[in-house]
Amino acid sequence: MSRYNVKETESKWQAVWAEQRCFEVEEDPDKKKYYVLEMFPYPSGRIHMGHVRNYSLGDLVARFRRAQGYNVLHPMGWDAFGLPAENAAKENNVHPAKWTHANIATMRDQLKSMGLSYDWRREIATCDPEYYQHEQKMFLDFLEAGLVYRKESWVNWDPVENTVLANEQVIDGRGWRSSAEVEKRKLAQWFLKITAYADELLSAIDDLDRWPERVRIMQHNWIGKSEGAKIAFKIIDRDQPLNVYTTRPDTIFGASFMAISANHPLAQELAADNSKLAEFIAACNRMATSEAAIETAEKLGFDTGLKCAHPVLEGETLPIYVANFVLMDYGTGAIFGCPAHDQRDLDFARKYGLPVTAVVCPPDADASSFRVGDEAFTGDGAIINSGFLNGLSVPEAKTAIIKHFEDMGVGEKQVNFRLRDWGVSRQRYWGCPIPIVHCKDCGIVPVPAAELPVVLPEDIDINVAGNPLDKHPTWKHVNCPSCAKPAQRETDTFDTFFESSWYFARFCAPVKEEAFTRSAAEYWLPVDQYIGGIEHAVLHLLYSRFFTRALKECGYLDLEEPFAGLQTQGMICHETYKDANGKWLFPTDVVIAENGDLTDAKGGVVTRGRSEKMSKSKRNVIDPEEIIKTYGADTARLFMLSDSPPDRDLDWTDSGIEGAWRYVNRLWRLVSEPPFARAETGTARPDNVSASALDLERLVHKTVAAVTDDLEKFHFNKAVARIRELSNAVEDLKGSDDGSAWALRFASETIAIMIGPLMPHLAEEMWHALGHTSLIADTAWPSVNAGMLIEDTITIAVQVNGKLRGTIDVAKDADKESVEQSALMLDNVQSFIEGKEVRKVIIVPNKIVNVVI
RNA sequence: GCGGGUGUGGCGGAAUUGGUAGACGCGCCGGAUUCAAAAUCCGGUUUCUUCGGAAGUGUCGGUUCGAGUCCGACCACCCGCACCA
């Protein structure tokens with residue numbers, strides 16, 4: 001038996017594709033374009049199964065669309081800046097650049113062994129100055145367009161390492177390396193005005209109809225639009241008013257206190273000569289770092305002694321508290337508290353003995369007796385206890401009171417967003433330098449475009465505390481571009497989301513002189529199909545959407561949305577094991593006894609955990625390279641595509657990969673093994689074909705129609721099932737030489753073409769074995785003869801009272817009388833209706849008969 | 001707490017507008033081949049059954065000739081956000 005020789009075959013076809021430059025593309029106005037993009041990887045060292053799944057999905061789409069005649073752009077590159085390189089540098093004493101480039105080399109080879117249809121000429125690495133110089137220019141353009149500003153902002157500061165920590169590096173309020181308690185520090189940082197596009201980014205979500213609903217909702221919530229009012233409260237004996245934001249101005253008559261954030265300027269000011277308040281503020285800031293604390297946190301407040309005048313109740317005053325539940329980041333950092341209609345305000349009021357006055361009466365309650373207990377009433381109802389608002393509904397009262405505030409000149413309608421501006425400064429070495437010079441005399445001076453790129457210095461000491469760029473002996477010392485006096489470079493680098501916010505455009509034309517050629521970008525963009533992990537559902541996708549708009553504003557592009565279609569993929573999971581001490585074990589170290597008992601090598605008790613996302617720490621990782629070496633890329637790809645729909649989690653199993661491998665060999669035997677009564681290459685369809693051959697021919701057309709539809713809809717698991725059905729039918733027929741030779745060839749060739757996007761190497765090998773000298777990669781997707789899809793006879797179900805009692809074969813579109821007759825004649829139907837009256841017979845043409853008794 | 005998703009055999013999963021539930025695969029069982037094993041091939045595989053059938057898509061109820069699919073009320077698990085005023 002000829003076993004499929006994976007290694008030789010796969011590398012052979014990879015070489016052919018490369019040599020014939022099958023996947024190198026150019027803009028071609030005469031062809032319909034299709035841009036397929038998988039989220040580019042961070043070069044962490046080696047590819048993992050998540051990559052294999054991602055790129056198998058993308059390659060399938062790319063090859064399928066190519067076969068359909070599209071001009072397909074399918075590029076690959078590296079998201080190469082980032083913290084892991086710096087960590088590796090510290091641990092292994094290797095320069096981040098060297099580490100990154102070595103990883104890229106390894107991973108590129110691994111990807112190439114998968115036989116992916118990339119145009120490798122377009123490969124980019126974001127750590128290359130040829131790449132990042134363009135984003136430095138973009139930043140300067142954004143600055144000029146007013147989309148960039150600088151302001152003081154809080155960062156996580158590790159006092160032991162003397163460095164800024166990313167949020168992910170803060171674990172339970174402590175630095176992940178030093179375990180030191182993290183402090184909040186204020187640093188001047190650069191921000192991109194994403195909030196300027198908040199409304200547009202929100203409303204445009206409606207048009208992203210090829211995005212998963214889930215992602216759209218997440219983006220929607222992240223932007224978090226709310227409508228309310230801004231109201232200025234007069235502070236007694238002070239000139240400056242206290243501005244609050246509220247979505248419930250209708251409850252103003254129920255206000256009983258004011259609360260401001262611990263970081264509110266007023267609180268800071270008062271703390272200057274009130275040590276108890278300062279202490280309280282410090283306690284609030286400590287608590288904010290721990291998420292668990294927030295969940296259970298008690299409402300705490302500190303009475304400042306100041307009071308506000310009630311804006312509509314003459315003579316009433318409202319005490320001002322500093323409260324731990326008011327966020328400086330949202331609204332104005334100050335609120336008025338209406339305890340009856342907000343749960344937090346109610347908790348707070350009960351704790352500090354503040355009045356609780358209901359001003360909205362629930363529809364089913366009595367206005368004179370309604371009182372709020374432990375639960376605030378947040379629904380709609382009639383306004384009460386509110387002077388001129390009484391009797392109005394909540395929405396009516398909102399409109400009325402806002403009008404009133406406007407007339408008084410103390411308030412107005414306001415829209416608020418949860419979305420914050422994007423802070424892009426990172427106090428890191430391994431990132432793109434921010435092209436700014438700080439001059440004592442001139443202030444902030446952009447680096448002139450002619451002097452770009454600002455290149456990272458190579459000779460750094462990665463082990464210094466703090467930012468190595470800042471500690472570099474010479475790099476930051478330059479002359480001011482404006483006045484030529486000694487000045488200093490900005491030593492912060494960009495957030496790495498900066499690079500991934502425009503790489504899709506760079507792929508369209510990665511030329512030296514500019515970020516991308518405008519005509520090329522406008523030909524290829526938007527990306528028709530973007531594929532990647534759900535973990536990027538918010539930030540990366542939102543930043544890219546913003547960036548594209550910002551690029552438009554600066555004249556780079558005429559485009560708003562970068563990704564027309566999006567697919568998110570599920571995680572790769574694998575079984576987990578723990579020993580008696582709760583330590584994770586490698587599955588290979590677990591011994592399974594015949595009775596199913598699990599032990600480790602030393603006979604200790606082992607428990608099987610649930611299937612979890614593959615991760616090094618859980619010791620349940622399978623290395624794709626091993627799998628590809630043993631079974632080949634096609635087998636791995638088939639396994640990834642077979643059973644689970646792409647957006648669901650996929651369980652890795654040994655038997656699953658074995659099953660895929662079996663099918664690869666089965667397909668190979670289909671074309672390689674005699675006896676096979678198959679017609680010669682190029683044989684025309686004979687006029688007379690046998691009945692079984694005609695059935696097979698019909699099945700081929702049916703399968704092509706179904707598979708095409710499945711592939712277009714991302715139902716890859718169903719497409720695989722269809723192809724398997726067809727190949728099973730071919731196997732059933734292949735021994736019988738009854739004039740089906742042509743149909744067998746037709747079916748085999750069609751299978752070879754259809755598996756092209758799924759198992760490209762095997763497809764070429766089959767095609768070749770079938771006597772072709774051309775490539776599947778250049779072969780058009782099969783077309784469907786619609787006439788072949790119409791069946792002459794149809795099997796329809798016969799029910800009695802809705803229960804299946806048999807089936808009948810009738811001619812397509814047979815008249816109702818004859819269908820009813822043959823249905824009623826069924827023995828099994830007869831036995832059920834015998835002696836009973838047939839009340840009704842329901843006939844749905846070509847589908848079902850239901851006899852009602 | 002708010003928002004979203006998912007519940008179908010031992011497992012992954014299929015089932016056009018309501019119209020033959022369990023496609024395809026994994027696993028398992030039986031058989032063939034083999035000195036033996038691997039590989040391969042053939043057959044079976046929702047459950048119960050008095051072998052006539054009966055029950056069955058998380059639970060309870062409803063609409064319908066007919067419900068996995070539609071409606072109402074719940075339950076469980078998963079994901080996202082979370083003191084957002």
Side-chain angles (χ1 to χ4, degrees), chain A residues 1 3 212-218 220-222 224-226 228-229 244-249 251 259 261 287-288 291 293-300 323-327 329-338 341-345 347-348 416-420 534-535 537-538 611 638-639 642-645 647-651 653-660 662-663 665-666 669 673 706 709-710 715 717-728 731 795-807 828 831 839-844 846-853:
Chain A
M1 176 169 311
R3 192 78 183 257
E213 190 59 21
R214 192 149 89 102
V215 176
R216 292 165 34 151
I217 290 167
M218 282 163 81
H220 193 275
N221 293 343
W222 190 263
K225 182 175 182 173
S226 79
V244 305
Y245 172 73
T246 179
T247 54
R248 295 298 303 273
T251 63
S261 165
M287 199 160 52
E291 275 179 42
I294 290 173
E295 228 167 282
T296 52
E298 210 182 341
K299 305 283 173 288
L300 295 174
N324 66 343
F325 68 93
V326 180
L327 307 173
D329 277 351
Y330 190 76
T332 59
I335 61 161
F336 76 78
C338 175
H341 306 290
D342 183 288
Q343 192 60 46
R344 293 156 304 181
D345 296 350
D347 294 346
F348 190 81
N416 226 325
F417 293 93
R418 186 188 167 281
L419 182 69
R420 303 266 72 91
I534 186 77
E535 67 272 20
V538 179
S611 189
L638 177 64
F639 174 75
S642 294
D643 283 347
S644 296
D647 55 340
R648 281 204 221 172
D649 288 353
L650 174 81
D651 244 320
T653 58
D654 292 343
S655 51
I657 194 76
E658 288 283 350
R662 256 199 309 274
Y663 189 57
N665 279 286
R666 213 157 145 176
R669 281 196 303 275
E673 214 176 52
D709 190 50
D710 287 338
H715 297 167
N717 52 327
K718 284 161 68 181
V720 171
R722 298 270 176 230
I723 293 170
R724 289 185 100 126
E725 275 176 314
L726 179 57
S727 73
N728 287 348
E731 282 177 349
T795 304
I796 64 176
V798 181
Q799 300 178 334
V800 177
N801 282 347
K803 294 216 185 292
L804 182 71
R805 296 302 172 193
T807 58
N828 203 27
S831 71
R839 302 209 331 250
K840 193 161 35 159
V841 179
I842 288 157
I843 298 171
V844 183
N846 300 326
K847 274 209 174 133
I848 204 159
V849 178
N850 191 10
V851 181
V852 186
I853 54 172

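The chains referred to below are lettered A, B, ... by the order of the sequence lines, with proteins before strands, and numbering in each begins at 1. For clarity, every value in this text was computed on a predicted model and none was experimentally measured.
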Rounding to a whole Å, what distance do you find between [X]:[atom1] and [N]:[atom2]?
{"X": "A:Arg662", "N": "B:A39", "atom1": "CZ", "atom2": "C1'", "answer": "10 Å"}
{"X": "A:Glu658", "N": "B:G25", "atom1": "CD", "atom2": "C1'", "answer": "14 Å"}
{"X": "A:Arg648", "N": "B:A14", "atom1": "CZ", "atom2": "P", "answer": "5 Å"}
{"X": "A:Ile723", "N": "B:A23", "atom1": "CD1", "atom2": "P", "answer": "19 Å"}
{"X": "A:Lys225", "N": "B:G3", "atom1": "NZ", "atom2": "P", "answer": "20 Å"}
{"X": "A:Arg805", "N": "B:G53", "atom1": "CZ", "atom2": "P", "answer": "7 Å"}
{"X": "A:Leu650", "N": "B:C78", "atom1": "CG", "atom2": "P", "answer": "20 Å"}
{"X": "A:Asn221", "N": "B:C81", "atom1": "CG", "atom2": "P", "answer": "10 Å"}

Quiz item: Of A:Arg805, A:Lys803, A:Gln799, A:Lys840, which meets side-chain contact (heavy atoms from CB on, under 4.5 Å) against A:Asn850?
Solution: A:Gln799
With a non-hydrogen cut-off below 4.0 angstrom, is [X] in contact with a base, only sugar-phosphate, or nothing?
{"X": "A:Asp342", "value": "nothing"}
{"X": "A:Val844", "value": "base"}
{"X": "A:Thr247", "value": "sugar-phosphate"}
{"X": "A:Asn728", "value": "sugar-phosphate"}
{"X": "A:Glu725", "value": "sugar-phosphate"}
{"X": "A:Ile217", "value": "sugar-phosphate"}
{"X": "A:Arg214", "value": "sugar-phosphate"}
{"X": "A:Asn828", "value": "sugar-phosphate"}
{"X": "A:Arg839", "value": "nothing"}
{"X": "A:Thr795", "value": "base"}
{"X": "A:Val326", "value": "base"}
{"X": "A:Arg724", "value": "sugar-phosphate"}

Quiz item: Given A:Asp643 and A:Asn717, is the side-chain contact (heavy atoms from CB on, under 4.5 Å) satisfied, shown in steps?
Solution: CA-CA 5 Å; A:Asp643 283 347; A:Asn717 52 327; 5.8 Å; no
What interatomic distance, in whole Å, is found between [atom1] of [M] and the corresponding atom of [N]?
{"N": "B:A21", "M": "B:C28", "atom1": "C1'", "result": "22 Å"}
{"N": "B:U64", "M": "B:G19", "atom1": "C1'", "result": "12 Å"}
{"N": "B:A73", "M": "B:G66", "atom1": "C1'", "result": "24 Å"}
{"N": "B:C24", "M": "B:U45", "atom1": "C1'", "result": "15 Å"}
{"N": "B:A23", "M": "B:A14", "atom1": "P", "result": "13 Å"}
{"N": "B:C35", "M": "B:A54", "atom1": "C1'", "result": "50 Å"}
{"N": "B:U59", "M": "B:C26", "atom1": "P", "result": "30 Å"}
{"N": "B:C42", "M": "B:G56", "atom1": "C1'", "result": "31 Å"}

Exercise. Answer with yes or no whether A:Lys718 presents, from its side chain, a donor or acceptor under 3.5 Å of a partner atom in the base of B:C24.
Key: no
Quiz item: A:Lys803 or A:Asp649: which one's nearest nucleotide on RNA chain B is closer to the 5' end?
Solution: A:Asp649
Quiz item: Taking for each residue the nucleotide of RNA chain B bearing the nearest heavy atom, is the 5' side occupied by A:Gly656 or by A:Ile842?
Solution: A:Gly656
Is the phosphate of [N] approached by [X] (side-chain N or O, under 4.0 Å from OP1 or OP2)?
{"X": "A:Arg669", "N": "B:A39", "value": "no"}
{"X": "A:Tyr245", "N": "B:A85", "value": "no"}
{"X": "A:Asn850", "N": "B:G19", "value": "no"}

Side chain of [X]: nearest nucleotide among [options]?
{"X": "A:Leu327", "options": "B:A85, B:C41, B:C81", "value": "B:A85"}
{"X": "A:Ile848", "options": "B:A14, B:U20, B:G12", "value": "B:U20"}
{"X": "A:Ala721", "options": "B:A21, B:C24, B:C83", "value": "B:C24"}

Exercise. Check step by step if side-chain contact (heavy atoms from CB on, under 4.5 Å) holds for A:Phe325 and A:Ile335.
Key: CA-CA 10 Å; A:Phe325 68 93; A:Ile335 61 161; 4.0 Å; yes
Please answer whether the main-chain N or O of [Y] pairs with a side-chain N or O of [X] as donor and acceptor at a distance below 3.5 Å.
{"X": "A:Arg420", "Y": "A:Asp329", "value": "yes"}
{"X": "A:Asn324", "Y": "A:Glu298", "value": "yes"}
{"X": "A:Asn801", "Y": "A:Ile853", "value": "yes"}

Quiz item: Have A:Ser727 and A:Tyr663 got a donor and an acceptor in their side chains that come within less than 3.5 Å?
Solution: yes
Practice problem: For B:G12, decide between syn and anti, treating a glycosidic angle within 90° of 0 as syn. | Solution: anti
Quiz item: Taking O4'-C1'-N9-C4 for purines and O4'-C1'-N1-C2 for pyrimidines, is B:G9 syn (within 90° of 0) or anti?
Solution: syn
Practice problem: Could you go through the side-chain contact (heavy atoms from CB on, under 4.5 Å) check for A:Arg666 and A:Asn728 one step at a time? | Solution: CA-CA 10 Å; A:Arg666 213 157 145 176; A:Asn728 287 348; 3.4 Å; yes
Quiz item: According to the Watson-Crick and G-U wobble definition with distances under 3.5 Å, which dot-bracket string, read 5' to 3', encodes RNA chain B, using [ ] for crossing pairs and | for pairs with another strand?
Solution: (((((((..(((......[....)))((((((.......))))))(((....)))..(((((..]....))))))))))))....
Quiz item: Going by heavy atoms in the side chains, are A:Phe336 and A:Asp345 under 4.5 Å from each other?
Solution: no
Exercise. Starting from the C-alpha separation in whole Å, work towards a yes-or-no answer on side-chain contact (heavy atoms from CB on, under 4.5 Å) for A:Arg214 and A:Ile534.
Key: CA-CA 9 Å; A:Arg214 192 149 89 102; A:Ile534 186 77; 3.3 Å; yes
Quiz prompt | Over all atoms of both residues, closest heavy-atom pair of A:Met218 and A:Ala537 | solution = CE-CB, 3.7 Å
